[in-house]
Amino acid sequence: MNTHASPKAPLPVPTSEHLAERSRRARTEPMSVLPLGDGLYEVESASDHTYLVDLESGRCTCPDHVFRDVRCKHIRRVAIEITEGRTPPPGTLAIECHDCGDPVFVDEDEPEPIYCSNHEIRPGDTVVDRETGDRLTVVDVSDLRADAVTIREADCTVAEYGTNDRYEPDVPVVGAIYPHASVKVNGVVPRELTVYTFPRTRLENAD
Ligand SMILES: [Zn+2]
Ligand SMILES: [Zn+2]
């Protein structure tokens, strides 16, 4: 699982409001924030010191907080990064989208693979089978894993079937149909209603 550190670049300063000196430094000083999970953040300061911020209890390991008991610039910076969507809030992590690598903020216990909104698939979406290039329509995204669902006709699991062994066995199973349908006067009539099952990672959102 890959986490993202926000870049050590200074942030833009809002000019419309007055900010106290500590708030100003919290916003403008180069710091990088790395979410560690459990509401903990590692903050690396411009002077290359690394401090640990526990956001929920409002604690930091820096001298300003430990000896002077102030809400230091590191705690403030973590809060700013979260408010502005660059770092995940407590209880969530930034995980890379399986297909494009963009960071996605998800619950810490969310099972992988994780997808961004562009690569997520829902019933009705068109997907491409990475093995054949065929386009299919998704009918169901299951919670069951590919190594836990049996294909009756083949007497093996979805994970074991054919070329599926190239894909992770612990990913959810997706049911999809081939769009072999013809349009009649009474609507769309599918020629075949067989639902084929695929490991989630074999299918790619086509939209
Ligand atoms: Zn601090
Ligand atoms: Zn993506």
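Remember, predicted model here, so these are calculated numbers, not experimental data. Atoms within each ligand, like the ligands themselves, are counted from 1 in listed order. Starting from 1, each residue takes its place in the sequence as its number.
With respect to the Zn ion (ligand 2), His119 has ND1 as its nearest N, O or S atom. Looking only at its N/O/S atoms, His74 has ND1 as the one nearest to the Zn ion (ligand 1).
Hydrophobic clustering (side-chain heavy atoms under 4.5 Å, transitive across Ile, Leu, Val, Met, Phe, Trp, Tyr) groups Val127 together with Val174.
One finds an angle of 110° at the Zn ion (ligand 1) between SG on Cys62 and SG on Cys60, to the nearest 10 degrees. Taking the Zn ion (ligand 2) as the apex, the angle formed with SG of Cys97 and SG of Cys100 is 110°, to the nearest 10 degrees.
Heavy atoms from other residues, nucleotides or ligands lying under 6.0 Å from CZ of Arg25 number more than 12. Atom OH of Tyr161 has 12 or fewer heavy atoms from other residues, nucleotides or ligands within 6.0 Å. The local environment of CG in Asp107 is crowded, with over 12 non-hydrogen atoms from other residues, nucleotides or ligands closer than 6.0 Å.
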